[in-house]
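Below is one structure, written out as structure tokens, with a few remarks after it.
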Protein chains: 2
Amino acid sequence: MAQKVKLSTIAETLGLSTATISLALRDSPLVAADTREKIKEKARALGYIYNRRAASLRTSRSGIIGVVVHDIMNPFYGEILKAIESELDRSRHTFILSNHYDSVEKQRTFIETLLQLGGDGVIMSPAIGTPVEDIKLAEDNGMPAILIARQMEGLEVPTYRGDDSYGISLATNHLIGLGHRTIAMIGGTDQTSTGRDRYQGYVNALRKAGIEVDPELRIPGPRTKQGGFEAAVHFLSLPQKPTAAVCWNDLVAIGLMNGIARAGLVPGRDISVTGYDDLEEASIATPSLTTVWNGQAEVGRLAARALLDKLAGSHEPDGIHLIKPEMRIRQSTGPIHTR
Amino acid sequence: MAQKVKLSTIAETLGLSTATISLALRDSPLVAADTREKIKEKARALGYIYNRRAASLRTSRSGIIGVVVHDIMNPFYGEILKAIESELDRSRHTFILSNHYDSVEKQRTFIETLLQLGGDGVIMSPAIGTPVEDIKLAEDNGMPAILIARQMEGLEVPTYRGDDSYGISLATNHLIGLGHRTIAMIGGTDQTSTGRDRYQGYVNALRKAGIEVDPELRIPGPRTKQGGFEAAVHFLSLPQKPTAAVCWNDLVAIGLMNGIARAGLVPGRDISVTGYDDLEEASIATPSLTTVWNGQAEVGRLAARALLDKLAGSHEPDGIHLIKPEMRIRQSTGPIHTR
DNA sequence: CTGAAAGCGCTTACAG
DNA sequence: CTGAAAGCGCTTACAG
């Protein structure tokens with residue numbers, strides 16, 4: 001490894017000052033066009049590597065944006081991240097990703113690391129129990145935050161998420177329309193705004209249809225395929241014998257369908273199942289999954305844009321921006337079928 | 001946002017020098033214990049945030065490690081990343097993640113960004129067609145690279161991956177043992193070392209069993225669930241009427257099983273299907289998937305350790321480290337069953 | 001259009 | 001055990 005090439009190396013080689021080199025490499029019109037070309041060529045020839053830490057120390061902008069969600073391996077977040085990534089790529093920002101696995105501490109460590117690196121902003125789906133101070137820590141140190149998928153009370157921060165209450169009512173109404181009356185709700189937790197909203201939407205839809213709400217028909221907890229799969233046993237042994245299940249998300253729904261199939265029943269015929277999110281996988285599940293499109297790509301794109309706009313100085317409106325969900329009817333739901 | 005708190009702020013407040021503050025905050029034994037405590041408390045009270053760019057500019061170590069793979073949304077890489085993350089977390093390193101989607105250019109941009117940020121090292125699953133120079137770029141600038149999952153010729157870099165040729169022969173032999181003779185191979189590409197090795201392993205196993213290799217039984221390409229799902233049509237219309245399929249990975253296998261089920265056949269009975277990787281999902285698929293454990297967690301853990309050891313100065317042996325795959329027999333394979 | 005000089009916030013020999 | 005001073009590699013007014 002040769003001697004490190006820096007601005008001054010190029011400057012000396014060409015008999016110019018570092019100021020000129022710096023300006024030229026950043027395409028400043030202050031530098032004559034042919035000088036600029038000569039400089040750029042020399043930089044390339046010498047294998048010059050721009051030192052962002054030095055620049056960032058001076059300018060106090062790093063080009064780094066942090067993104068932290070519950071779990072990037074969850075395709076729901078994966079689809080959001082993909083949209084964020086493509087939006088940020090375009091603006092030459094580097095993004096640093098992290099999972100918090102709903103650990104407030106892990107999330108705080110991440111925010112601190114980001115501050116230490118001089119992060120320009122952060123997009124986050126806050127961990128369960130996140131105190132307002134943790135978001136303020138970021139904002140107070142000049143690092144704006146944008147929330148996705150989950151909202152927080154007592155905070156004026158731009159938030160992008162689906163309209164969960166409305167979305168789950170679409171699914172519930174769809175089942176009611178097919179004649180189902182004993183409808184279970186599988187998965188989710190009351191500890192997140194999303195969880196509360198979805199359960200409420202389910203309850204409201206049932207009430208509106210004049211169906212009594214039986215709390216025993218709720219099986220809270222599952223949020224993954226594995227969870228849905230394991231919940232199948234509990235679900236199938238419910239004394240009320242539900243004919244349909246509204247699931248927390250597509251993963252739970254697919255897991256549940258696997259569990260139902262394992263028990264010898266046919267999902268979509270014997271038991272109707274709805275998902276939530278409309279992951280890419282929903283349409284190739286067997287049977288293909290009736291679900292609610294939740295606009296992951298939209299959420300990611302809008303959140304990234306909002307942050308970039310904010311960094312560019314324009315004042316994005318704070319508060320909650322709801323994406324309107326849409327029903328996707330496929331094969332996993334059908335008319336009521338008595339077991 | 002108040003005035004920025006820096007080392008000198010604390011120094012002035014306490015009537016000490018920045019040198020002492022700096023040492024104290026990093027727990028140097030050079031500073032008296034009570035001075036140290038006083039300093040730490042004051043730092044906390046003032047809301048001091050360590051400026052890593054400044055430190056890194058001085059020390060030329062950043063604590064940043066880059067990880068770039070084909071697609072973090074692919075659970076195969078997700079499982080590797082999880083292992084890397086937990087290993088790196090322990091050593092207080094920050095890791096920056098990126099997808100290259102097999103674009104050499106995107107990968108190069110990532111390596112350059114990492115160099116600009118002063119990355120300490122990089123763990124990568126090289127994009128198809130990666131030139132040796134791109135890895136050298138990193139190494140020549142003092143940023144060691146570790147390869148995972150895919151290897152590269154003409155390079156002395158530590159590489160961690162499964163023994164693909166051996167692994168796929170396990171799956172093929174398992175099917176042969178069940179009486180299958182017309183076995184298709186679905187998915188993968190000759191453009192990666194992994195792809196070539198797996199196809200070769202399949203061919204060798206057939207030959208060893210005295211079964212003629214029919215190139216028409218290979219359907220290259222698919223690497224995702226969607227791909228496997230779509231390949232089902234082609235597979236089911238093969239004039240040779242294969243009774244079993246060795247799939248490129250679990251995703252393709254699950255997609256293929258979905259496609260087979262959609263066509264009214266029962267995977268595991270009418271058609272035997274093997275996967276590869278043993279993703280968490282394999283055991284809850286319906287039917288549960290017979291597959292080959294590929295040691296993702298091992299690969300991630302070992303690669304991270306190798307990098308950390310290298311950074312700590314110990315000389316890790318270069319070259320290829322193979323993880324030995326193991327068979328996992330479940331319900332998706334069974335005795336031959338004529339259609 | 002180009003240059004000289006200060007400064008971003010740390011750490012590290014070197015003194016004492 | 002603590003301090004004074006230089007320097008990491010940039011960018012940015014300010015001069016000319």
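Below, read A as the first sequence line, B as the second, and so on, with proteins coming before strands; counting in each chain starts at 1.
Here dA4(C) sits opposite no nucleotide as a Watson-Crick or G-U wobble pair (both hydrogen-bonding atom distances under 3.5 Å).
Y160(B) and H321(B) have parallel rings, their planes meeting at less than 30° on a 0 to 90° scale where 60° marks the start of perpendicular.
Q107(A) and D134(A) form no side-chain donor-acceptor contact under 3.5 Å, judged by distance and modelled atom types alone. In this structure, a donor-acceptor pair under 3.5 Å is present between the side chains of R53(B) and S56(A). One side chain, Y77(A) or S125(A), offers a donor N or O that lies under 3.5 Å from an acceptor on the other. Residues R52(A) and T94(A) bring a donor and an acceptor atom of their side chains to less than 3.5 Å of each other.
Of the candidate nucleotides dC10(C), dG9(D), dT11(C), dT11(C) has the atom nearest to the side chain of S22(B). Distances were taken from every side-chain heavy atom of S17(A) (C-beta onward) to each of dC8(D), dT11(D), dG3(C); the shortest belongs to dG3(C). For L16(B), the side-chain atoms get nearest to dT2(D) when compared with the rest of dT11(C), dT2(D), dT11(D). When distances run from any side-chain atom of K4(A) to the nucleotides dG9(D), dC10(C), dT2(C), the shortest one goes to dG9(D). Comparing dT2(D), dC10(C), dT12(D) against the side chain of L23(A) picks out dT12(D) as the nearest. Relative to the side chain of T35(A), the nucleotides dT2(C), dG9(C), dA5(D) differ in distance, and dT2(C) lies closest. Listed candidates were dC10(C), dC10(D), dT12(C). Nearest to the side chain of A19(B) is dT12(C).
dT2(D) atom C1' lies 13 Å from atom CG of L14(B), rounded to whole Å. Going from atom CZ of R36(B) over to atom C1' of dT2(D) covers 14 Å, rounded to whole Å. Residue L57(A) contributes atom CG, which lies 17 Å from atom P of dG7(D) at whole-angstrom precision. Regarding R58(B), its CZ atom lies at a distance of 16 Å from the C1' atom of dG7(C), rounded to whole Å. Rounded to an integer number of Å, the gap from CG of N51(A) to C1' of dC8(D) is 8 Å. Between R61(A) atom CZ and dC10(D) atom C1' there is a gap of 17 Å when expressed in whole angstrom units. Put simply, CG on L30(A) is 16 Å from P on dA15(D), counting in whole angstrom units. Taking atom CG of L7(B) as the reference point, atom C1' of dG3(D) lies 14 Å away to the nearest angstrom.
R26(A) has a side-chain polar atom (N or O) that falls below the 4.0 Å cut-off from OP1 or OP2 of dT12(D). The shortest distance between the side-chain N/O atoms of T20(B) and the OP1/OP2 oxygens of dG3(D) is below 4.0 Å.
Heavy-atom distances to DNA chain D give each of Y50(A) and A32(B) a nearest nucleotide, and the one nearer the 5′ end belongs to A32(B).
Among the atoms of the strands shown, none is found under 4.0 Å from any heavy atom of G118(B).
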